[in-house]
Structure formats: structure tokens, C-alpha cells
Protein chains: 2
Amino acid sequence: MDASAPRTRIQERNRAAILEAALDVFSQAGFRGATLDRIAKTAGLSKPNLLYYFPGKEAIHVALLAGLLDLWLDPLRALDDSGEPVEEIVGYVLRKLEMAREFPRESRLFANEIVQGAPRIADIIEGPLKTLVDEKAALIGHWADAGRIARVDPHHLIFSIWATTQHYADFDAQVRGILGPGEAHFTDAAEFLEQLYRRALRPG
Amino acid sequence: MDASAPRTRIQERNRAAILEAALDVFSQAGFRGATLDRIAKTAGLSKPNLLYYFPGKEAIHVALLAGLLDLWLDPLRALDDSGEPVEEIVGYVLRKLEMAREFPRESRLFANEIVQGAPRIADIIEGPLKTLVDEKAALIGHWADAGRIARVDPHHLIFSIWATTQHYADFDAQVRGILGPGEAHFTDAAEFLEQLYRRALRPG
DNA sequence: CGTCCTTCTGACCATTTGGTCAAACTCTTT
DNA sequence: AAAGAGTTTGACCAAATGGTCAGAAGGACG
């Protein structure tokens with residue numbers, strides 16, 4: 001089975017169903033906690049059939065991560081050097097928070113992987129991710145040089161934005177345990193984070 | 001084997017060795033990824049001997065979490081209503097960051113558990129943790145009422161502090177992948193976070 | 001319809017893993 | 001030194017799990 005390009009409608013449908021199911025299971029149980037049986041059952045396939053489409057558990061995981069990476073980094077890519085700096089960064093924060101709300105499984109998939117030392121995506125982190133982050137950090141640095149935002153460490157600013165926004169997806173169980181159920185948390189979080197970064201970045 | 005109080009020196013030594021080893025293994029592999037064999041080997045014991053001291057894998061995990069909870073919440077408990085508000089909160093941020101630097105395994109232990117839905121500590125979160133957080137959130141609210149810090153949502157402020165500080169322990173692999181190895185990150189992070197919260201909380 | 005390629009399945013396998021147990025060893029106490 | 005409690009281990013077990021394989025079922029096409 002060629003992992004790269006599906007050739008028939010059945011392949012397309014089943015590969016998609018497997019990846020969807022795998023996202024469910026991996027994001028909730030981590031790599032080690034996920035079982036092929038559970039992924040297969042969630043996808044509505046038998047285990048051998050699942051293994052007809054992917055050579056093994058690891059291959060499914062890798063395909064998932066690779067396929068989701070672009071989606072995950074889109075908000076940062078959209079940070080635009082021609083915009084108004086504070087608005088650009090606040091916009092990035094809100095987009096990232098919106099991603100956490102809309103794609104919590106994707107967030108937890110990456111979180112699980114990184115908490116356990118990122119054994120399967122170390123090369124992605126040190127490669128394309130580092131490149132993108134360094135580039136955007138340089139942009140933020142230029143904004144500070146020009147006095148258009150407060151002088152802060154750009155890398156740590158980006159880390160803090162990741163941390164505060166993904167927190168609402170990754171640590172959802174804790175947030176709900178303390179604030180109670182419901183989805184209003186994201187609205188309140190948006191308001192809080194916008195205020196936090198607006199005040200912290202205001203130049204002068 | 002009574003789980004609560006060791007009676008002999010051997011018990012004291014071995015129970016401590018087991019918990020130390022379990023912290024290593026659980027924090028690095030998660031509950032499901034940890035094996036009794038690996039914990040036993042790390043502790044320098046045989047697997048049956050390990051099970052002489054604890055009735056099972058879950059019991060070790062629970063004992064770890066319970067024993068570490070106090071340590072973990074100490075910085076928040078120390079938030080003092082008689083201090084200068086901004087200094088108190090900045091102090092809390094720096095204490096929490098110091099915890100992440102000094103006890104990254106403990107941080108990851110909790111992170112692993114919560115990312116996967118906190119199945120084994122839901123009662124702790126909704127009980128003692130929620131109580132403590134609500135209490136300190138009220139304190140922060142009073143400070144805002146008195147105009148001594150900027151008006152922000154206290155719960156989300158606490159979440160943001162947890163997120164930004166624990167990020168350096170839990171997502172260490174990512175931070176190192178982007179910034180390179182070394183421990184200077186914590187120093188830079190301290191400077192960044194102090195500035196972030198000082199600016200954001202300055203009243204007016 | 002018959003052929004060929006794709007898709008699917010039941011049965012099976014090897015390894016890992018949490019856990020048990022009887023027996024052996026060690027240490028303290030009298 | 002003998003007794004008895006506390007400690008340790010090798011051998012073993014059942015269940016879970018990732019993966020294989022031969023062949024059956026299904027669909028496309030001449």
C-alpha cells in the first residue's frame with residue numbers, strides 16, 4: 001500500500017476514516033495508550049483491514065502528524081510584517097486560541113508527543129518549525145527595534161502565546177474541573193489574553 | 001503491605017526508591033507507557049519485590065500524585081494577601097517557574113495525567129485544587145476591586161501563569177529544539193515573564 | 001459471464017506486560 | 001542458636017497487543 005497517494009474512492013474514504021479515528025484515539029490516549037483494535041473499531045474497520053492501508057501503528061501516527069503540521073502552523077505563518085504590530089500579535093493570539101477551541105484533538109496530539117520528549121517529531125521541531133519560529137521572532141524583534149511594540153524576547157513571547165492558548169485544549173480537564181463545564185471559557189480566555197498581550201506589548 | 005506508614009528502615013528505603021524510580025518512568029512515558037519492569041529495574045528491585053511494596057501499578061501512580069500534590073501547590077498557597085499585589089503575583093510567577101526548573105519530572109507527571117483527561121485525579125482537581133484556586137482568585141479579585149492591580153479575570157490569570165511557567169518543563173523538548181540546549185532558557189524566561197506580568201498588571 | 005485486481009476477514013502467532021505464588025533467604029529478637 | 005517476622009526471588013500465568021497470512025468476497029471491465 002502506497003502511503004502517499006490514494007488511487008481509488010474506497011482507499012480515499014478508508015484512509016480518511018482511519019486518520020480521523022486515529023486522531024481521536026491517539027489524542028486521547030497517547031501513542032503508547034492507543035491500540036490498533038480501538039482505532040480500527042472507531043474507524044469501522046477490522047484490524048487486518050486497517051493494516052492493509054498502513055504498514056503499522058507508527059506509520060499511522062507519522063501520517064497524522066505530518067498531515068496536521070501545516071494546519072497547526074498556519075496561524076503563525078499568517079503573522080504579517082506589513083500589519084500594525086500590536087494588532088498582528090493580538091490577532092495571532094486570538095487565531096491560536098480559536099484553533100485550540102476548534103481543534104483540541106490536534107492540540108493534544110502534539111502535546112502528548114512533546115511532553116513525552118517528542119521522540120517521533122524531533123526532526124520536524126529542529127527543522128521546519130525552528131525555521132519558521134526564528135523567522136517570525138526576527139520580525140517581532142524588528143518591530144521592537146522600531147519602537148512599535150515594547151521590547152520583549154520574541155522567542156519567549158511566542159512560547160507564552162503557545163502556552164496560554166493551547167492550555168485551554170491540552171489541559172481542558174483541569175480547566176473544566178475548576179471552572180465547571182461549558183464553552184464560555186474560551187470567550188473569557190479570549191478577553192483575558194487580548195488584554196494581557198495588549199497591555200504587555202503597548203510600546204513605551 | 002500497608003501503603004501509608006513504613007515500619008522498618010528497609011521499607012522506608014525501598015518505598016522511597018520505588019517512588020523515585022516511578023517518578024522517572026511515569027513522567028517520561030506516561031501511565032500507559034510505563035512498565036513495572038522498567039520501574040523495578042530503575043529502582044534496583046525485582047518486579048515481584050516491587051509488588052511486595054505496592055499492590056499494583058495504579059497504586060504506585062496514585063501514591064506518587066498524592067505525595068507530590070502538596071509540593072506542587074505550595075507556590076500558590078504562598079500567595080499572601082498582606083503583600084504588595086503586583087509583587088506577590090510576580091513572585092508567584094517566579095516561584096512557579098523555579099519549580100518547573102527544579103522539578104520538571106513532577107510537572108510532566110501531572111501534565112501527562114491531565115492531557116489524557118485526568119482520569120485518576122479528577123476528584124483532586126474538582127476538590128482541593130478547585131478550592132485553593134477559587135480562594136486565591138477571590139484574593140486577586142479583591143486586589144483589583146481596590147485598584148491595586150489592573151482588572152483581569154483572576155482564574156484566567158492563574159491559568160496563564162500555570163501555562164507559561166510549566167511550559168518550560170512540559171514542553172522542554174520543543175523549547176530545546178528551537179532555542180538549542182542549555183539551561184539559560186529559564187533565566188531568559190524569568191526575565192520575560194516578570195516583564196509580561198508586571199506590565200499587564202500595573203494598575204490604571 | 002469470466003477474469004483480474006482490489007479489498008477484506010478469520011485464524012493465528014510472538015511478544016509484552018501486569019500480576020501471582022510458593023519457596024527461599026535475611027534480619028531481629030529472645 | 002532457634003524462632004518468627006520481614007524480605008526477596010524464580011517460575012509461572014492470563015490477557016492484551018502489534019502484526020502476519022492464506023484465502024474469500026467484491027468490484028471493474030472485456
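In what follows, chains are A, B, ... by sequence order, proteins preceding strands, each numbered from 1.
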(message) Please evaluate residues M99(B) and T165(B) with respect to the criterion side-chain contact (heavy atoms from CB on, under 4.5 Å), reporting the C-alpha separation (whole Å), side-chain torsions for both, the decisive distance (0.1 Å), and the verdict.
(response) CA-CA 9 Å; M99(B) 295 280 292; T165(B) 55; over 6 Å; no

(request) Could you check W72(A) against K96(A) for side-chain contact (heavy atoms from CB on, under 4.5 Å), going step by step and ending with a plain yes or no? (result) CA-CA 9 Å; W72(A) 207 238; K96(A) 201 83 179 63; 3.9 Å; yes

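Within residues 108-120 of chain B, no residue has any heavy atom under 4.0 Å from DNA chain C. Remark: A34(B), T35(B), L36(B), K47(B), P48(B) in residues 29-49 of chain B come within less than 4.0 Å of DNA chain C through at least one heavy atom.
Residue R13(A) contributes atom CZ, which lies 13 Å from atom C1' of dT6(C) at whole-angstrom precision. The nearest whole Å value for the distance from the CD atom in E58(B) to the C1' atom in dG19(C) is 14 Å. Rounded to an integer number of Å, the gap from Y53(A) OH to dG19(D) P is 18 Å. One atom, CG of L51(B), and another, C1' of dT17(C), lie 11 Å apart when rounded to the nearest Å.
Partners of R77(A) by salt bridge (charged side-chain N to carboxylate O under 4.0 Å, His left out), not counting sequence neighbours, listed by chain and number: D70(A), D74(A). With sequence neighbours excluded, the residues that form a ring pair (Phe, Tyr, Trp, His ring centres under 6.0 Å) with H61(B) are F26(B), F31(B). The side chain to side chain contact (heavy atoms under 4.5 Å, CB included) test applied to N49(A) returns L45(A), S46(A), Y52(A), Y53(A), not counting sequence neighbours. Residues satisfying the side chain to side chain contact (heavy atoms under 4.5 Å, CB included) test with L94(A), not counting sequence neighbours, are V90(A), A190(A), E194(A). Remark: F159(A) engages H156(A), W162(A), H167(B) in a ring pair (Phe, Tyr, Trp, His ring centres under 6.0 Å) (not counting sequence neighbours). Qualifying salt bridge (charged side-chain N to carboxylate O under 4.0 Å, His left out) partners for D134(A), counting only residues two or more places apart in sequence or in other chains: K130(A).
Salt-bridge check for R101(A) with E98(A): passed, with a basic side-chain N closer than 4.0 Å to an acidic carboxylate O.
With axes fitted over five pairs at each extremity, the angle between the ends of the helix from dC1(C)-dG30(D) to dT30(C)-dA1(D) is 0° (10° resolution).
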(request) Heavy atoms under 4.0 Å is the rule here; annotate nucleotides 22-29 of chain C 5' to 3' with B where the base is hit, S where only the sugar-phosphate is, and - elsewhere. (result) --------

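OP1 or OP2 of dT20(D) has not a single side-chain nitrogen or oxygen of Y52(A) nearer than 4.0 Å. Contact annotation: N14(A) side-chain N/O to dT6(C) OP1/OP2 distance is not under 4.0 Å. At least one side-chain nitrogen or oxygen of Q11(A) sits closer than 4.0 Å to the OP1 or OP2 atom of dT7(C).
Identified under the ring-ring contact (aromatic ring centres under 6.0 Å, His included) test for residues 76-99 of chain B, with sequence neighbours left out: none.
Paired with R198(B) under the rule salt bridge (Lys or Arg N to Asp or Glu O under 4.0 Å), one option of E84(B), E87(B), E191(B) passes, and it is E87(B).
Between the side chains of S82(B) and D80(B), at least one donor-acceptor pair of N or O atoms lies under 3.5 Å.
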List the atom pairs, with distances to 0.1 Å, where a side-chain N or O of residues 103-110 of chain A and a protein N or O form a donor-acceptor pair under 3.5 Å, not counting sequence neighbours.
unit_1	atom_1	unit_2	atom_2	d
R105(A)	NH1	E20(A)	OE2	2.8
R105(A)	NH1	D24(A)	OD1	2.5
R105(A)	NH2	E20(A)	OE2	3.4
S107(A)	OG	D170(A)	OD1	2.6
R108(A)	NH1	A169(A)	O	2.5

